[in-house]
2 protein chains.
Amino acid sequence: MPANDLDATFAALADPTRRAILARLAHGEASVSELAAPFAMSLPAISKHLRVLQRAGLISRGRNAQQRPCRLEGAPLRAVAAFTEHYRQFWDESFDRLDDYLRELQGDDEKPRRKH
Amino acid sequence: MPANDLDATFAALADPTRRAILARLAHGEASVSELAAPFAMSLPAISKHLRVLQRAGLISRGRNAQQRPCRLEGAPLRAVAAFTEHYRQFWDESFDRLDDYLRELQGDDEKPRRKH
DNA sequence: CTTTTATTTAACCAAAAGGTTCGGTAACCG
DNA sequence: CGGTTACCGAACCTTTTGGTTAAATAAAAG
């Protein structure tokens with residue numbers, strides 16, 4: 001169950017170290033030491049960051065010998081995306097995709113090609 | 001102009017009071033007292049929340065007699081949307097637009113992992 | 001000029017966040 | 001067995017956060 005709590009998710013994302021960890025994990029699983037390597041920070045500090053990310057449901061952890069590999073779990077980001085979507089008219093000045101969005105919400109499944 | 005700092009933006013969004021204020025402002029401008037009304041909280045507390053939102057660039061403030069009306073400024077949310085977009089493959093389980101995404105990221109040296 | 005209304009500033013406080021060091025535990029390796 | 005590797009937990013410290021109350025400011029109203 002992805003702790004689907006916007007409070008925890010936003011708070012977890014508010015730290016640059018944690019966002020960097022997520023960026024690293026987007027390339028694949030990694031051990032704690034691997035994740036810690038780029039930072040001028042003690043290992044327990046990284047461990048704490050990982051616990052914050054895990055409590056927010058943004059990562060999950062496995063076990064491989066002595067290692068506890070971390071894997072990115074993007075599900076909570078869906079709620080973040082939904083949040084921004086709710087305010088789209090306030091930041092998307094082009095309004096290009098507002099119609100598409102409204103159509104999607106109506107269940108009109110016909111999906112036009114959407115370029116980023 | 002818009003303090004386009006993900007740290008400040010995510011931190012500002014991590015508080016439920018501040019998100020409720022933004023939700024209220026999505027319906028239109030409001031004074032500080034109007035914004036404070038729904039909360040069991042002192043006025044200075046709301047004032048502090050507004051300062052956090054303003055420093056994050058999420059609101060701007062005008063002047064109307066004794067009132068200092070607040071207006072929603074969604075620009076920082078564009079950066080948040082871009083952030084989630086970057087992780088879309090990890091939260092969009094329908095994978096409808098995975099091909100688009102991969103095409104966009106062409107040049108990435110490591111192939112993104114697809115969940116079982 | 002005095003008062004009222006709207007909001008901010010200042011001083012304070014408790015709790016949480018982000019870091020440290022030191023010591024523990026669990027799994028593998030010789 | 002004993003040592004090494006990989007990580008976690010506990011205790012501690014400092015800064016930030018989120019709230020309070022009391023006093024200050026600014027503009028309007030009487």
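All values below come from the heavy atoms of this structure, side chains included, with hydrogens, waters and symmetry mates left out. Labels below follow one simple rule: chain letters A, B, ... track the order of the sequence lines, proteins then strands, and each chain is numbered from 1.
- The side chain to side chain donor-acceptor pair (under 3.5 Å) test applied to B:E73 returns B:S60, not counting sequence neighbours.
- Residue B:A45 places its side chain closer to D:dT20 than to any other of D:dA6, C:dA6, D:dT20.
- A salt bridge (Lys or Arg N to Asp or Glu O under 4.0 Å) check over residues 24-33 of chain B, counting only residues at least two apart or in different chains, returns the pairs B:E29-B:R71.
- B:A37 is linked by a side chain to side chain contact (heavy atoms under 4.5 Å, CB included) to nothing, counting only residues two or more places apart in sequence or in another chain.
- Side-chain nitrogen and oxygen atoms of A:S47 include at least one within less than 4.0 Å of the OP1 or OP2 phosphate oxygen of D:dC8.
- For residues 57-68 of chain B, no residue pair satisfies the salt bridge (Lys or Arg N to Asp or Glu O under 4.0 Å) rule, not counting sequence neighbours.
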Listed pairs, N/O of protein and of nucleotides 26-30 of chain D, under 3.5 Å:
none

Please report, to 0.1 Å, the donor-acceptor pairs under 3.5 Å made by any side chain of residues 13-21 of chain B, with sequence neighbours excluded.
from, atom 1, to, atom 2, distance (Å)
B:D15, OD1, B:T17, N, 2.8
B:D15, OD1, B:T17, OG1, 3.4
B:D15, OD1, B:R18, N, 3.2
B:R18, NE, B:A12, O, 2.8
B:R18, NH1, B:H49, ND1, 3.1
B:R18, NH2, B:A11, O, 3.2
B:R19, NH1, A:D7, OD1, 3.1
B:R19, NH1, B:L13, O, 2.7
B:R19, NH2, A:D7, OD1, 2.6

Problem - Canonical and wobble pairing (Watson-Crick, G-U, under 3.5 Å) of DNA chain D, dot-bracket with | - result: ||||||||||||||||||||||||||||||

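- In this structure, B:K48 and B:V32 both approach DNA chain C, and ranking their closest nucleotides by distance from the 5' end singles out B:V32.
- For the pair A:H49 and C:dG19, the criterion of a side-chain N or O lying under 4.0 Å from OP1 or OP2 is met.
- With sequence neighbours left out, A:Y87 forms a ring pair (Phe, Tyr, Trp, His ring centres under 6.0 Å) with A:F83.
- Listed by chain and residue number, A:P44, A:A45 satisfy the side chain to side chain contact (heavy atoms under 4.5 Å, CB included) test with A:S42 (two or more places apart in sequence, or in another chain).
- Listed by residue number, the members of residues 11-29 of chain B with any heavy atom below 4.0 angstrom from DNA chain D are B:D15, B:R18.
- Against DNA chain C, the stretch residues 33-42 of chain B makes heavy-atom approaches under 4.0 Å through B:S33.
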